Structure formats: C-alpha cells, structure tokens
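Keep in mind it's a predicted model, so treat the numbers as computed, not measured.
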Amino acid sequence: MNARWLLGGALAVVGSVAAFLLLDPVVAAFVAIVLATVAVLAVVAGDWDRHSTYEERELERARRRKEKWERGAAARERDRVKWEAHRARQEARKASHPDR
C-alpha cells in the first residue's frame, strides 16, 4: 500500500512540476489538481474488492442484535412480571366490582 502511495505521489509531483514548467500557471494548476485527484483515486481504488460481502455484514449485524437481545432478557422478564401483576390487579378489581 505504501508503494502505491509513493508511486502515485511521485507521478503526480513530477507531472505537476512539468506542467508548471511547460504550461500557463492556470492550466498547470488544473493539470496538477487532476493528477493529484487521479493519483489518490488510483491508490484508494486499489483495494476496492477487499471489503466484506453483504452476507458477512448481515451476519455481523445479526450477531450484534442477538447479543443486545440477550442483554435485555432480564429487563423484559421484569416487564413481563409487572404486566402480569397489573393484569391480575385489573382482573381482581373487575371481579370485585362487576357493575363497572
């Protein structure tokens, strides 16, 4: 990777220097900007196919979701117990006051 940066940078610098020596400064600045942009794009695009696949990313997301779900199991159990107690109180109140 470092060799690519060095080669791309060297070519951009050499091309820019040549452009400033041979061309009008405005045109040379344009050439220098284009060369620098192309050099950076070439280096960055050199490993574009070394990324994870969609399936690998989805498996990682699923693993993180599962871990998060498991961490919240105790809270869900507490909420379920509270809900059941609430429902039992409501049923008891309804049983004691059937006219409401």
Practice prompt. Compute both the distance and the angle, then confirm whether R76 meets the cation-pi test with W69: under 6.0 Å from the six-membered ring centre, within 45 degrees of the axis.
Written response: yes
Fill in: Sidechain N-carboxylate O distance under 4.0 Å for R61, E58
yes
Practice prompt. Examine the side chains of R93 and Q90 and answer whether a donor and an acceptor come within less than 3.5 Å of each other.
Written response: no
Discussion item. Within the structure provided, determine whether L35 and L11 are in side-chain contact (heavy-atom separation under 4.5 Å).
Written reply: no
Worksheet item: If only atom types and distance count, is the side chain of E67 paired as donor or acceptor with the main-chain N or O of R64 below 3.5 Å?
Response: no
Discussion item. Using the rule that Ile, Leu, Val, Met, Phe, Trp and Tyr join whenever any side-chain heavy atoms are under 4.5 Å apart, tell me whether V13 and L21 fall into a single cluster.
Written reply: yes
Item to complete: Please name the residue in the list V31, V38, T37 that meets the side chain to side chain contact (heavy atoms under 4.5 Å, CB included) test with V34.
Response: V38
Item to complete: Considering non-hydrogen atoms only, spot the tightest contact between F20 and A32 and give its length.
Response: CE1-CB, 4.1 Å
Worksheet item: Are R87 and E84 close enough that some pair of their side-chain heavy atoms sits under 4.5 Å apart?
Response: no
